[in-house]
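Worksheet: the structure to be examined is printed underneath.
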Amino acid sequence: MECKKCGTTKHSKNGFIKGHQRYKCKNCGYQFVPTLQKGFDEQTKLIACLLYINGLSFRTIARLLHTSATSVLSWVRKFALQHYEKPCPSSESVVIQLDEMWHFLHLKKTNFGYGKHIVLIQDNSLTGNVAIVIPIH
């Protein structure tokens, strides 16, 4: 049995904690319990990730596994970093300023179209322009 901090084999018994024998390292003074394992095993973490992928929320998974939602979140993030790549956008983004539209709608005497849904249509045949359509119901 080795010290978990420095790795030496020089240790002495130092009482009990939660029914397990505790040891104290003679080299560095670190107290450790060799039989006590903290945390969940990898299989439980993988099950939590699969449950999240299938639609369960972090809080629901945490209740099922008797842990915190923060723990489940960190397991899912770690799983995603190991198994998935961050998606890269395949096209350029289009930046539209709606400030001019806001002034146009507020300066009209009749606020026709204000509060209506605005649909932006971009077509490959257009030369970088965007058509704005306000549907009338």
Side-chain angles (χ1 to χ4, degrees):
M1 180 173 34
E2 296 178 350
C3 173
K4 294 181 180 182
K5 191 172 182 181
C6 67
T8 62
T9 57
K10 297 179 182 179
H11 52 76
S12 61
K13 292 182 178 182
N14 193 25
F16 287 88
I17 184 165
K18 296 182 182 179
H20 298 279
Q21 179 69 55
R22 181 173 22 186
Y23 295 92
K24 184 174 183 179
C25 179
K26 291 183 179 181
N27 188 29
C28 65
Y30 182 72
Q31 296 182 15
F32 61 96
V33 180
T35 57
L36 190 61
Q37 292 184 351
K38 294 167 51 176
F40 287 84
D41 58 344
E42 292 300 318
Q43 183 178 5
T44 306
K45 293 176 183 180
L46 180 62
I47 290 171
C49 293
L50 292 175
L51 289 173
Y52 177 73
I53 289 171
N54 287 319
L56 287 179
S57 66
F58 292 128
R59 294 185 78 182
T60 304
I61 297 169
R63 286 187 198 121
L64 290 173
L65 299 178
H66 304 291
T67 186
S68 68
T70 309
S71 297
V72 177
L73 172 66
S74 67
W75 299 342
V76 170
R77 281 184 177 168
K78 184 177 178 183
F79 179 80
L81 287 175
Q82 290 176 351
H83 298 287
Y84 293 103
E85 293 181 14
K86 186 176 180 180
C88 297
S90 59
S91 64
E92 296 179 11
S93 61
V94 178
V95 178
I96 300 172
Q97 292 184 352
L98 294 178
D99 187 38
E100 294 174 9
M101 178 61 75
W102 185 83
H103 285 292
F104 174 73
L105 292 175
H106 278 291
L107 291 177
K108 290 182 76 171
K109 292 182 181 177
T110 58
N111 284 333
F112 178 77
Y114 180 74
K116 303 279 185 179
H117 291 289
I118 298 174
V119 180
L120 301 175
I121 302 172
Q122 183 176 9
D123 192 9
N124 290 338
S125 63
L126 296 175
T127 59
N129 295 325
V130 176
I132 298 177
V133 178
I134 302 174
I136 299 172
H137 295 283

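Computed from a prediction, not measured in an experiment: that's the story for all the values here.
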Is the distance between the ring centroids of Tyr52 and Trp75 under 6.0 Å?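 No, too far apart.
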
Report yes if the distance between the aromatic ring centroids of Phe16 and His20 is under 6.0 Å, otherwise no.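 Not under 6.0 Å, so no.
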
Set of residues satisfying side chain to side chain contact (heavy atoms under 4.5 Å, CB included) with respect to Lys78, sequence neighbours excluded: Gln82

Ring pair (Phe, Tyr, Trp, His ring centres under 6.0 Å) against Phe32, all qualifying residues, sequence neighbours excluded: none

Checking Leu51 against Leu65 for the side-chain contact (heavy atoms from CB on, under 4.5 Å) test, could you report, in this order, the C-alpha distance in whole Å, the side-chain angles of both residues, the deciding distance, and whether it holds? CA-CA 11 Å; Leu51 289 173; Leu65 299 178; 5.6 Å; no

Write out all pairs satisfying salt bridge (Lys or Arg N to Asp or Glu O under 4.0 Å) with one or both partners inside residues 13-35, taking only residues at least two apart or from two chains.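 Output for this query is empty, none listed.
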
Does anything in residues 45-73 pair up under salt bridge (Lys or Arg N to Asp or Glu O under 4.0 Å), and if so which pairs, sequence neighbours excluded? Glu42-Lys45

Side chain proximity check, [X] to [Y], heavy atoms < 4.5 angstrom:
| X | Y | value |
| --- | --- | --- |
| Phe40 | Thr67 | yes |
| Tyr23 | Asn14 | no |
| Thr70 | Phe58 | no |

Got a sec, which residues hit side-chain hydrogen bond (donor to acceptor under 3.5 Å, both in side chains) with Thr8, two or more places apart in sequence or on another chain? none

With sequence neighbours left out, what residues match Thr60 under side-chain hydrogen bond (donor to acceptor under 3.5 Å, both in side chains)?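 Once residues adjacent in sequence are excluded, the partners of Thr60 under the side-chain hydrogen bond (donor to acceptor under 3.5 Å, both in side chains) criterion are Ser57.
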
Show your reasoning for whether side chain to side chain donor-acceptor pair (under 3.5 Å) applies to Ser71 and Ser74. CA-CA 5 Å; Ser71 297; Ser74 67; 5.3 Å; no

Between [atom1] of [X] and [atom2] of [Y], what distance do you get to the nearest 0.5 Å?
| X | Y | atom1 | atom2 | answer |
| --- | --- | --- | --- | --- |
| Tyr30 | Cys25 | OH | SG | 10.5 Å |
| Thr44 | Leu46 | OG1 | CG | 9.5 Å |
| His11 | Cys6 | NE2 | SG | 10.5 Å |
| His66 | Leu64 | NE2 | CG | 8.0 Å |
| Ile61 | Ile47 | CD1 | CD1 | 11.0 Å |

Looking at Lys4, I'd like to know if its NZ atom is crowded, meaning that more than 12 non-hydrogen atoms belonging to other residues, nucleotides or ligands lie closer than 6.0 Å.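 More than 12 within 6.0 Å, yes.
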
Shared hydrophobic cluster, Phe79 / Val76 (ILVMFWY, side-chain heavy atoms < 4.5 Å):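 Not linked; separate clusters.
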
Return the minimal non-hydrogen interatomic distance between Gly15 and Gln21, and the atom names on each side.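 The pair with the smallest heavy-atom distance is O-NE2, 3.0 Å.
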
Could you please spell out the steps behind the side-chain contact (heavy atoms from CB on, under 4.5 Å) verdict for Asn27 and Lys10? CA-CA 7 Å; Asn27 188 29; Lys10 297 179 182 179; 5.6 Å; no

